[in-house]
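Remarks on the structure that follows.
Side chains included, hydrogens not; waters and symmetry mates left out as well; all remaining heavy atoms used.
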Amino acid sequence: MGPRRLLLLLALAWAGGAAPGRYAPGDPVPLYVATVGPYHNPGETYGYYALPVCRPPGPAPRPRPPAMAASLYRIRFRRDAPRAPLCTLRLGPDEVEQLRAAVEALYYFEFVVDELRVRGFVGAVEEGGGPPHGRRLGLWTHLDFHLAWRGDRVVAANLSTGSARPRGLPRGPLALTHTYGVRWSRAPAGRGRAQAAALRRPPPDLHRLALLNGAALVALLGGFVAVVLLRVRRSQGAPAGGRGEAAAILEDPDGGWKAVRGDVFRPPPRPGLLSASLGAGCQLLALGAGGLALGGAGGRGQGPGGAAALLYALTAPPAGYVAGGLYRRLGGRRWVANGVLTSGIFAGPFLVTWSVVNAVHWAHGSTRALPAAAGGLLLATWLLLGLPLVLLGAAAGRSRAGPLEAPGRPKGAARPIPPQPWYRATLVHAVVGGFLPFSAVSVELHYVFATAWGREPYALDGDLLACVCAVPLAVGACLSVALTYLQLAGEDFRWWWRPALGAGSAGLFLLLYALFYFCCRSNMSGPVQTVEFFGYCLLAAYAAALAMAAVAFFASFTFVRYIYVNLKMD
């Protein structure tokens, strides 16, 4: 809600002045109508005049950004109006049915009074009404505005409907008379402009439980990795060739990793896709770290759009550097194509997802729809800023990267891989490698989703979010090292893709949780909200998969180099 609030204030400043107005008694106070939409669908809003409501005569009022338009309400500074007429409407059957559908869907509206937002429901649903449905739909035809003043300013605004009963909405033609009331009161000393609704804080016990759960997983897996490293270091002194190799393997049941020393650094299949994915994952990690740092520092230097563009520009060259350097070490030659793939492997799905979501908003007339020029601006930003910077980083990474310094040189032909037990299968490693990092933060995900998609946002501190992000990364790194060791101990040298796929499957579990949240923890519905929710959740899960894959791969890569670098060869 922070970026939307900032956009609203900037639009108000552009439309009618950068500061709240100063008024003399009797001066008109502007009231603009803004949006209307289903209460349970935070991402679905329409212009207020999309409903058959009172509006100024003549052509449809031209909305001011974002989707604000002039209204018939007349409010004068410090002048009460107990019951002022607004308009009388004669509605046809179709218009009445539109209002009934809006009340049934719990539509709420938003007005702006001197830059202060007030909200209210369009109507009310009363259970226990007459047959045949046992419920009565009513429309609020009278609104009471409660305004507070101090000096020559409006400092608070509120809206209520309790002074009158809702008007029933029977099917068929209907005549409605709308009225409103205005009541002014002096604000207490020291009270400033109306502040945003206080954010709830999650129970501290749940925070401690979640962090304790993640810390326990990190400690357990870290201890396992430490034991593995001690075993490896103890067995590195034994020769790893000839009869010494067989003896070492018999003495160490997990010593099969020594037998594949000549194949473990054999280049993987599709090295370009692997290096591009890891480069994009490193960029997303840097973007996340920069976003958390800016959030913790306040981020007051510029708007969120400018900060995102700056972070994207700063992290694009490192992404190309990582991808280009790894691609060169793996024997790749088409570094330009690899740089384009690195730049587009996330930017492409992002642009497609945004385009689909925006098109659905456009098709349904939502106020969240952005013009086509916005899509062109995003595409131009990628083509003129993101892609060249990634290619620049890829050129630097390629020029500085030498050949892969493998402790063991690959043989001419790969050795056969013995049959593997079920617990060393790729699918099992993928499930375990993704589920454990996901489970480490599953408690906190409810509050993250409630803040992003719910009507009761929670105050999530920057330090807490940093811990929530760091715990699954640490779990994924330790777990990938352990699973890689088990794989190599079974004489399976095809380890390159396994850490990335295993830890990246955490994104799949995140997507499954999003499905659970949508169906069981929210009341969201409708094509607009459904497409937006699952579109952006799919994008978030994909980003999490790339970031987790990068951390897991480089942890495993460091571990594999370490265990083979000091292995004595006959």
Q: Check whether any side-chain N or O of E110 sits under 3.5 Å from a backbone N or O of R119 as a donor-acceptor pair, and report yes or no.
A: no
(Q) Could you check whether any side-chain heavy atom of P56 comes within less than 4.5 Å of a side-chain heavy atom of S71, counting everything from C-beta outward? (A) no
Q) Has the side chain of T179 got a donor or acceptor atom that lies under 3.5 Å from a matching backbone atom of R83? A) no
Q: Could you go through the side chain to side chain contact (heavy atoms under 4.5 Å, CB included) check for V125 and V103 one step at a time?
A: CA-CA 7 Å; V125 181; V103 174; 4.0 Å; yes
Q | G504 to A545 - nearest heavy-atom pair and separation | A | O-CB, 3.1 Å
Q: State, yes or no, whether a side-chain contact exists between F109 and W140 at a heavy-atom distance under 4.5 Å.
A: no
Q: To the nearest 0.5 Å, tell me how far F145 CZ sits from D80 CG.
A: 14.0 Å
Q. Does one side chain, of H40 or S525, offer a donor that lies under 3.5 Å from an acceptor on the other?
A. no
Q: Please examine the side chains of T353 and L538, heavy atoms only from C-beta on, and report whether any two atoms are closer than 4.5 Å.
A: no
Q: May I ask you to decide if G92's main-chain N or O and E95's side chain share a donor-acceptor pair within less than 3.5 Å?
A: yes
Q.
Please check: side-chain N/O of T530 versus main-chain N/O of P527, any donor-acceptor pairing under 3.5 Å?
A. no
Q. Backbone N or O of A50 within a donor-acceptor pair of the Q98 side chain at under 3.5 Å?
A. yes
Q | Heavy atoms from other residues, nucleotides or ligands near CZ of F534 exceed 12 (cutoff 6.0 Å) | A | yes
Q. Checking R100 side chain against L169 main chain: does a donor-acceptor pair fall under 3.5 Å?
A. yes
Q. Just by distance, do the side chain of D114 and the backbone of G21 share a donor-acceptor pair under 3.5 Å?
A. yes
Q: Please tell me if the side chains of Y517 and L445 come closer than 4.5 Å, counting only heavy atoms from C-beta onward.
A: no
Q | Side-chain touch L539/W354, heavy atoms, less than 4.5 angstrom | A | no
(Q) Can a donor-acceptor pair be found, under 3.5 Å and without considering hydrogens, that links the side chain of N158 to the backbone of H146? (A) no
Q) How many angstroms lie between atom OG1 of T381 and atom CG of L387, to the nearest 0.5 angstrom? A) 12.5 Å
Q: Nearest 0.5 Å please: distance from the CG atom of L86 over to the CZ atom of R55.
A: 12.0 Å
Q. Ring pair (Phe, Tyr, Trp, His ring centres under 6.0 Å) with Y513: which of F518, F449, F435?
A. F449
Q) Can you check whether F77 and W184 have ring centres sitting under 6.0 Å from each other? A) yes
Q | Distance in Å, Y180 OH paired with C87 SG, rounded so as to fall on 0.5 Å steps | A | 11.0 Å
Q: Starting at OG of S185, measure out to CZ of R78 and round the result to the nearest 0.5 Å.
A: 11.0 Å
Q) Would you call H178 and L89 a side-chain contact if the rule is heavy atoms closer than 4.5 Å? A) yes
(Q) Within the 4.5 Å heavy-atom criterion, are P38 and M524 side-chain neighbours or not? (A) no
Q. Could you give all pairs that pass the side-chain hydrogen bond (donor to acceptor under 3.5 Å, both in side chains) test and reach residues 541-550, with sequence neighbours left out?
A. none
Q) Any side-chain heavy-atom pair from L143 and T161 closer than 4.5 angstrom? A) yes
